[in-house]
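Have a look at the structure below, then the notes.
Bear in mind that the values here come from a model prediction, so they are computed numbers and not experimental data. FYI, the numbering just counts along the sequence from 1.
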Amino acid sequence: MLSCPVQVLGRVVDDAGVNHMVLAWRGATGWQQRVMVRSVLADARLIKQLADYGLPVRTDNAAGLVKFLGAYEEANLSELPAARGATAMGWADRETFIWGNKVISPRAIVEPDDKNPATWASAGWVRLKSTSEDGWVEGLRAEGEFRRWRDAIDRVKYLPRITLALLVSFAAPLLFRLGVRASSFVVDFHGTTSVGKTTTLRYAASIWGQPFMGPDSLVTSWSSTYTYLELTIGRRRHLPLFVDDTKDARGKTTVPALLSTIGNGRGRGRGTADAQVRQTGAWQTTCISTGEAPAVSFSEGGGERTRTMEVEGSPFDGLDVPVARGLIAEVEVALQSNFGHAGPLLVQHMMTIGDAELAEMYEEILSSLLANVKSSQETRMVRYRAVLELTLRLAERALSLPDDSDGRWTIPEPWTALWPSIVNDIDDAGGAARGLELVASWVDENPHKVADASSRTANAEQRDIIAWHHKEEGWVAFPTRALHERVLLEGFAYEGLMRDWRDSGVLLQHRLGKFSVQRSIHGRRRSVVVVDARRLWPDDDND
């Protein structure tokens, strides 16, 4: 029937209930092993695909092989090793956490091989590897020493934006343990500064594994397709996502679509060619995003805003650029060879605490915070803050060493410095007010480029007009192209900002689907964006 011996070594049932078999055969270079879905081994047509991997199966012997494997399995069912198989990262059960190729339990971190049943007993679970593995899976690993990682982080943890990023990264596994009390959320670091945003992502990613550039980096780019990013979230499940630079996003809808998908906790449903519904991933996790413009400025809807904590400014705010660059270089040298220790330690600590106790701690923190909430929009954001405050407590306990001089490693709280601006940005999540302030400053700094729109004649010397101001009628008209360029220069997504201006009444005129209108100014038809002058200069008489 076959020119080589073949046998079934074990059975794996994955987290969706699908059965897999470990098949082994002796080929030209020795024994080969493959993990295959059981339906492949039970179908004479499908089993022929194993010929691509060296099994000498053909049309004339496929049916016989299927019959043999069925009889082999039936005869040895009670003796075959069995394991549970995880297809995604995170909590498999309350005492099992999948991290890359490793399985974390309260007592150990082991690496069972899904193709080798002899390794299964140490964990009871294995990670079922995909035939097309993403490089970042290999990035989920530990290198170097935990103490050296912690010493490097101590150099920057007093900077509140970096502290916040670390807590967001640590918090991802906690959400599942809190159940329906906690939902996925995004923290977006944005601003025009060129120093520190990507570096902050790397610090946060180093908690779980390899944070630097390369095929196994845990940091990905907004230039990835939406489908890839969604699949990545589904694979990470209870581990954080790190996405760099929104300006590189493909298309106008990628950023808002992904923000919404993260918050919903489930991927988009998709049909298949045979009219079936393809299974979508589900997750409870966190995401850290960076960009020049606020991530929510890419969105037309309001849902993404209540799921996204916007943090503006440089992570190294207060440091001179040369000092910041020197500090970054020193810390990165240490993190290049010391990473991936802190996250597993935190997970193991969480395993020592019951769900009820975690819930009680969370509710206590949340109740205290809700007592000071001033708006309904702030309520959801306060829930995220409660998760992060609980994460801080857990991380300090998990990452303390016996010889710490004061008995516990500490993480400075970031809220005193950041929470007031975060709360203010909830009502102005797209940056409408900040955008107005910057445009008003642009006009005020260039009075020689602002023309009187009420005049019947144009000044022939003014060839680079940035605005026409009609004081009596109370409007300012900006040339569409000039305003577009300025808004981009200030670090905003133009269409997102214009939508905010339209929705908040800043635009006095607009067309369906358009933010500009055609107006006759100084006897010439022009494409302009018409803004309420009272909103542009709220503190004066439009002088």
Side-chain angles (χ1 to χ4, degrees), residues 91 94-95 97 99 104-109 142-178 182 187 200 202-209 211 238-240 286 288 315 327 330-331 334-335 338-369 382 384-419:
W91 296 99
R94 290 300 189 274
E95 292 193 342
F97 192 93
W99 170 58
I104 301 174
S105 70
R107 296 162 296 280
I109 300 176
E143 286 191 9
E145 299 178 14
F146 166 61
R147 183 183 289 278
R148 291 189 176 184
W149 174 87
R150 208 184 67 169
D151 288 346
I153 292 299
D154 280 341
R155 301 284 307 278
V156 292
K157 70 180 183 182
Y158 66 91
L159 298 166
R161 290 170 181 82
I162 291 175
T163 300
L164 178 59
L166 295 172
L167 292 178
V168 174
S169 181
F170 275 128
L174 176 60
L175 299 180
F176 174 78
R177 296 293 304 277
L178 293 175
V187 175
T200 300
R202 291 171 178 166
Y203 294 165
S206 71
I207 289 170
W208 299 101
H238 304 137
L239 288 174
T286 60
I288 304 177
L327 179 59
E330 292 175 7
V331 174
L335 296 187
N338 298 277
F339 54 75
H341 299 275
L345 286 173
L346 179 63
V347 167
Q348 287 183 310
H349 178 66
M350 286 185 191
M351 290 175 177
T352 67
I353 306 174
D355 288 353
E357 184 178 352
L358 286 172
E360 183 178 351
M361 295 167 68
Y362 169 77
E363 295 291 351
E364 177 187 349
I365 294 170
L366 180 61
S367 296
S368 176
L369 294 174
V382 159
Y384 303 148
R385 174 174 169 177
V387 169
L388 296 174
E389 291 202 10
L390 175 54
T391 299
L392 187 150
R393 293 187 189 179
L394 298 175
E396 286 184 334
R397 296 175 185 175
L399 305 185
S400 295
L401 295 170
D403 58 349
D404 285 336
S405 58
D406 58 358
R408 176 175 293 181
W409 185 62
T410 59
I411 305 175
E413 60 83 17
W415 309 113
T416 301
L418 300 181
W419 190 248

>> So, using ring pair (Phe, Tyr, Trp, His ring centres under 6.0 Å) as the criterion, who are the partners of Phe97 when residues are at least two apart?
In response: Trp91
>> Checking Arg155 now: which residues fulfil salt bridge (Lys or Arg N to Asp or Glu O under 4.0 Å) with it, not counting sequence neighbours?
In response: Glu330
> Which residues satisfy the side-chain contact (heavy atoms from CB on, under 4.5 Å) test with Glu143, sequence neighbours excluded?
Replying inline: Arg141, Phe339
> What residues, two or more places apart in sequence or in another chain, satisfy salt bridge (Lys or Arg N to Asp or Glu O under 4.0 Å) together with Glu360?
Replying inline: none
>> If the condition is side-chain hydrogen bond (donor to acceptor under 3.5 Å, both in side chains), which residues does Arg161 pass it with, not counting sequence neighbours?
In response: none
> For residues 386-418, which residue pairs qualify under ring-ring contact (aromatic ring centres under 6.0 Å, His included), counting only residues two or more places apart or in two chains?
Replying inline: Trp415-Trp419
>> Once salt bridge (Lys or Arg N to Asp or Glu O under 4.0 Å) is applied, do any residues pair with Glu413, and if so which ones, sequence neighbours excluded?
In response: none
> With sequence neighbours excluded, what pairs up with Arg94 under the side-chain hydrogen bond (donor to acceptor under 3.5 Å, both in side chains) test?
Replying inline: Asp355
>> Applying salt bridge (Lys or Arg N to Asp or Glu O under 4.0 Å), can you list everything that pairs with Arg147, at least two apart in sequence or on another chain?
In response: Asp403
>> With side chain to side chain donor-acceptor pair (under 3.5 Å) as the rule and sequence neighbours excluded, what pairs involving residues 341-353 come up?
In response: none
> Who passes side-chain hydrogen bond (donor to acceptor under 3.5 Å, both in side chains) against Glu145, sequence neighbours left out?
Replying inline: none
> Taking only residues two or more places apart in sequence, or in another chain, which ones meet Ser169 in a side-chain hydrogen bond (donor to acceptor under 3.5 Å, both in side chains)?
Replying inline: Trp208
>> Can a donor-acceptor pair be found, under 3.5 Å and without considering hydrogens, that links the side chain of Arg177 to the backbone of Leu358?
In response: no
